[in-house]
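Just so it is clear: chains get the letters A, B, ... in the order the sequence lines come, proteins before strands, and each one is counted from 1.
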Amino acid sequence: MSDTYPATIAAIRAGLAQGEFTARALAGHYYERIAATEAPAAPAANAWLTLCRERAEVQADRVDALARQGQPLPPLAGLPLAVKDVISMRGVRTTCGSRMLEHYIAPYDATVIEKLETAGALLLGKVNCDEFAMGSSTENSAFGPTRNPRDPSRVPGGSSGGSAAVVANGSALAALGSDTGGSIRQPAAFCGVVGLLPTYGRVSRYGLVAFGSSLDHIGPLTRSVDDAARLLGVLAGPDPRDATCADVPVPDYAAQLAALPAGFRIGVVKEAWGGGLDSQVEATVRRALDRLAGAGCDIVEVSLPHLHASIATYYIVATAEASANLARFDGVRYGLRAEAESLGEMYRKTREAGFGAEVKRRILLGTYVLSSGYYDAYYRKAQLARALLARDLDRAFAQADLLVTPTTPGTAFKIGERISNPLEMYLADIYTVPADLAGIPAISVPCGEAAGLPVGLQFMGRHFDETRVLQAARLWESLHTPPA
Amino acid sequence: MNISREQIDRIAELAHLELAPAEAEAMRHDLEAILSYVAVLQQLDTSGLEPMSHPGGGAPLPLPRRDETQPGLGAAAALAGAPASGGQCFKVPRVIERLES
């Protein structure tokens with residue numbers, strides 16, 4: 001094979017093992033693809049921020065040496081992968097999409113980076129995102145918006161918009177994203193790829209630049225459910241460097257993908273219909289549910305009576321945590337510094353110059369809800385509402401093995417369309433924030449189109465039940481895209 | 001929900017942000033809209049619930065690390081990204097005035 005390469009993790013590994021091509025050549029192919037998608041005439045995707053070709057080629061040579069010697073290849077051997085630019089890679093620029101960290105070189109590897117390289121993945125480079133992962137469109141990046149490969153006048157979603165765009169435009173086979181309120185699943189839905197949110201504590205966050213510590217997750221974006229399962233199998237597991245990372249055994253997700261039991265109960269969240277849901281998105285999702293029923297799934301109706309309060313809950317908890325986490329960007333230890341006469345003035349001028357509007361908005365909101373006199377009315381009430389939403393989900397899971405909703409109320413919107421109305425932007429997270437608030441796993445899988453744009457179907461599962469989430473997603477994928 | 005300019009200035013001060021006047025006004029407007037929206041929470045009956053600060057799902061967390069020394073980042077690497085450093089220290093504008101003798 002010279003110019004076409006297999007497009008699944010399993011097939012790449014098999015092709016390398018059989019000597020059909022080299023990882024070095026595969027890496028070269030993907031760097032050509034990156035150059036093509038970033039060329040100004042395309043128009044440029046503006047998805048890649050930093051490339052680390054030398055590092056990827058060293059890794060490729062390591063994989064090729066194993067293949068030449070006939071040794072067993074690691075599980076992700078040769079996988080060309082992109083990393084959202086909120087995850088630290090030693091010696092590589094890690095900007096978080098912010099002027100604050102425009103020239104910051106991370107001094108250590110995140111645990112997920114170590115795991116991926118041990119598993120043989122080729123880390124091609126870092127990709128664009130909303131500043132500090134705050135946003136739903138990638139328009140909040142200091143380095144300009146990323147374009148949706150399906151329609152360059154539209155956003156790819158966010159905050160992991162670069163991750164979704166590069167998987168969709170073929171300049172990476174998979175990507176790492178992070179999800180605090182929907183930032184893996186929403187861009188996956190907007191770009192027509194698979195996005196997996198693992199259970200809170202399933203994947204180490206050591207080396208992830210923190211936004212909302214009780215909400216942040218790392219997870220994969222891929223072209224197929226099988227690839228998502230294989231990546232999760234490598235990423236998951238306890239990490240002594242992350243005290244929130246759970247000590248729960250990691251099953252072989254990929255090996256169990258086809259094992260979905262008959263009569264599987266899927267709960268349709270009745271409150272998800274109506275409201276701001278686009279009628280064509282609803283029709284596409286309802287068709288998908290009919291086909292799942294036809295395939296033997298038991299579709300039942302369940303209720304999340306406080307779903308309408310999830311956005312308000314999320315934007316209080318997340319901004320409160322963000323205001324604390326982002327206090328570290330003060331011009332002292334790393335990143336931007338604005339010169340000033342006094343220390344206090346230096347902090348203020350540095351933060352004024354380094355942060356964009358959405359980050360400042362969230363820091364202000366978070367500071368407000370934590371401030372004396374408002375804490376009980378806002379922050380404590382939001383923590384109580386979070387408990388209420390988690391209880392609703394527990395009750396729904398008593399009636400169903402999985403819950404299903406559209407991933408988003410609409411499809412990818414135009415660049416510039418919502419940027420001046422932050423509240424309208426927030427409301428689009430209605431279906432994705434509950435899983436983050438409750439810490440449960442969820443996946444978005446492509447389920448068709450509405451007016452020519454991709455629509456995502458979301459499955460949510462019980463804590464640490466990624467297996468069933470992936471099984472249902474795989475079942476849907478097999479119905480939706482029959483084997484060639 | 002009304003937020004005054006004085007309140008915005010006070011929050012900005014707490015958050016170490018120095019907002020330009022036009023920016024402060026825009027933030028005041030946005031925060032009013034967002035805080036009006038989140039008022040929906042006040043109508044929820046949350047009696048009998050405990051505030052949820054962590055979504056762990058009851059999963060066992062790893063045992064604490066053994067109390068053993070391990071190689072650290074090292075001063076040079078830790079200081080490499082600093083805007084200003086000297087010796088083994090981060091340098092900042094002077095915070096203590098020297099007494100004239």
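- Ranking A:Ala106, A:Pro238, A:Pro422 against chain B, the residue ahead of the rest is A:Pro422, based on heavy-atom pairs under 4.5 Å.
- Options B:Gln7, B:Glu18, B:Arg10 differ in how many heavy-atom pairs under 4.5 Å they form with chain A, and the most are formed by B:Glu18.
- Heavy atoms closer than 4.5 Å to chain B are found in the side chain of A:Tyr374, but not in its backbone.
- Environment of CZ in A:Arg93: crowded, with over 12 heavy atoms of neighbouring residues, nucleotides or ligands closer than 6.0 Å.
- Shown here for B:Ile34 and A:Leu365, the closest heavy-atom pair between the two residues is CG2-CD2, 3.6 Å.
- The side-chain hydrogen bond (donor to acceptor under 3.5 Å, both in side chains) with A:Ser213 is formed by just one residue from the set A:Thr244, A:Thr180, A:Asn325; it is A:Asn325.
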Starting from the C-alpha separation in whole Å, work towards a yes-or-no answer on side chain to side chain contact (heavy atoms under 4.5 Å, CB included) for A:Arg205 and A:Tyr200. CA-CA 10 Å; A:Arg205 303 179 297 173; A:Tyr200 184 84; 2.9 Å; yes

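- In terms of heavy-atom pairs under 4.5 Å with chain B, the best-connected choice from A:His463, A:Arg333, A:Glu341 is A:Arg333.
- Contacts between B:Ala15 and chain A at a heavy-atom distance below 4.5 Å involve backbone atoms as well as side-chain atoms.
- No salt bridge links A:Glu352 with A:Lys349; every basic N to acidic carboxylate O contact stays at or beyond 4.0 Å.
- For the set A:Tyr315, A:Tyr108, A:Tyr378, A:Tyr104, the count of heavy-atom pairs under 4.5 angstrom toward chain B peaks at A:Tyr378.
- The part of A:Leu437 that comes within reach of chain B is its backbone (N, CA, C, O), which places non-hydrogen atoms under 4.5 angstrom from that chain.
- In terms of modelled atom types and a separation under 3.5 Å, the side chain of A:Thr199 and the main chain of A:Arg202 share no donor-acceptor contact.
- Comparing B:Glu13, B:Gln43, B:His54 by heavy-atom pairs within less than 4.5 Å of chain A, the highest count is held by B:His54.
- Contacts of A:Asp330 with chain B are absent, with no heavy-atom separation under 4.5 Å from either backbone or side chain.
- Using a 4.5 Å cut-off between heavy atoms, B:Glu23 touches chain A through its side chain atoms alone.
- Between the side chain of A:Arg241 and the main chain of A:Ser204, no donor-acceptor pair closer than 3.5 Å is present.
- Interface remark: B:Leu73 contributes side-chain atoms only to the contact with chain A (heavy atom separation under 4.5 Å).
- Salt-bridge annotation for B:Arg28 and B:Glu32: present, with a side-chain N of the basic residue lying under 4.0 Å from a carboxylate O of the acidic one.
- In this structure, the portion of B:Val40 lying under 4.5 Å from any heavy atom of chain A is its side chain and not its backbone.
- A distance-only check finds a donor-acceptor pair linking the side chain of B:Gln42 to the backbone of A:Ala377 [under 3.5 Å].
- Using a 4.5 Å cut-off between heavy atoms, A:Ile105 does not touch chain B at all.
- Only the side chain of A:Phe464 comes within less than 4.5 Å of a heavy atom in chain B; its backbone stays farther off.
- No other option in A:Cys245, A:Gly366, A:Ala390, A:Ser323 has as many heavy-atom pairs under 4.5 Å with chain B as A:Cys245.
- Aromatic ring orientation, A:Phe329 versus A:Phe132: tilted (interplanar angle from 30° to 60°).
- In terms of non-hydrogen atom pairs under 4.5 Å with chain A, the most contact-rich of B:Ser85, B:Pro83, B:Ala59, B:Gly81 is B:Pro83.
- At least one donor-acceptor pair closer than 3.5 Å links the side chain of A:Thr94 to the backbone N or O of A:Val92.
- Between chain B and the options A:Leu215, A:Ile316, A:Leu326, the largest number of non-hydrogen pairs under 4.5 Å is found for A:Ile316.
- Proximity to chain B involves both the backbone and the side chain of A:Ala382, based on heavy atoms less than 4.5 angstrom apart.
- Between chain B and the options A:Ile363, A:Val248, A:Val332, A:Val317, the largest number of non-hydrogen pairs under 4.5 Å is found for A:Val332.
- Minimum interatomic distance between A:Val203 and A:Pro198 (heavy atoms only, all atoms of both residues): CG2-CG, 3.9 Å.
- At a 4.5 Å heavy-atom cutoff, the contact between A:His308 and chain B is made by backbone and side-chain atoms alike.
- Distance check, rounded to the nearest 0.5 Å: CG of B:Asp30 to CD1 of B:Ile3 gives 11.5 Å.
- Proximity to chain A (any heavy atom under 4.5 Å) is restricted, for B:Leu31, to the side chain, taken from C-beta onward.
- For a residue to count as touching a neighbouring chain, one of its non-hydrogen atoms must lie under 4.5 Å from one of that chain's; by this rule A:Ala438 touches chain B with the backbone only.
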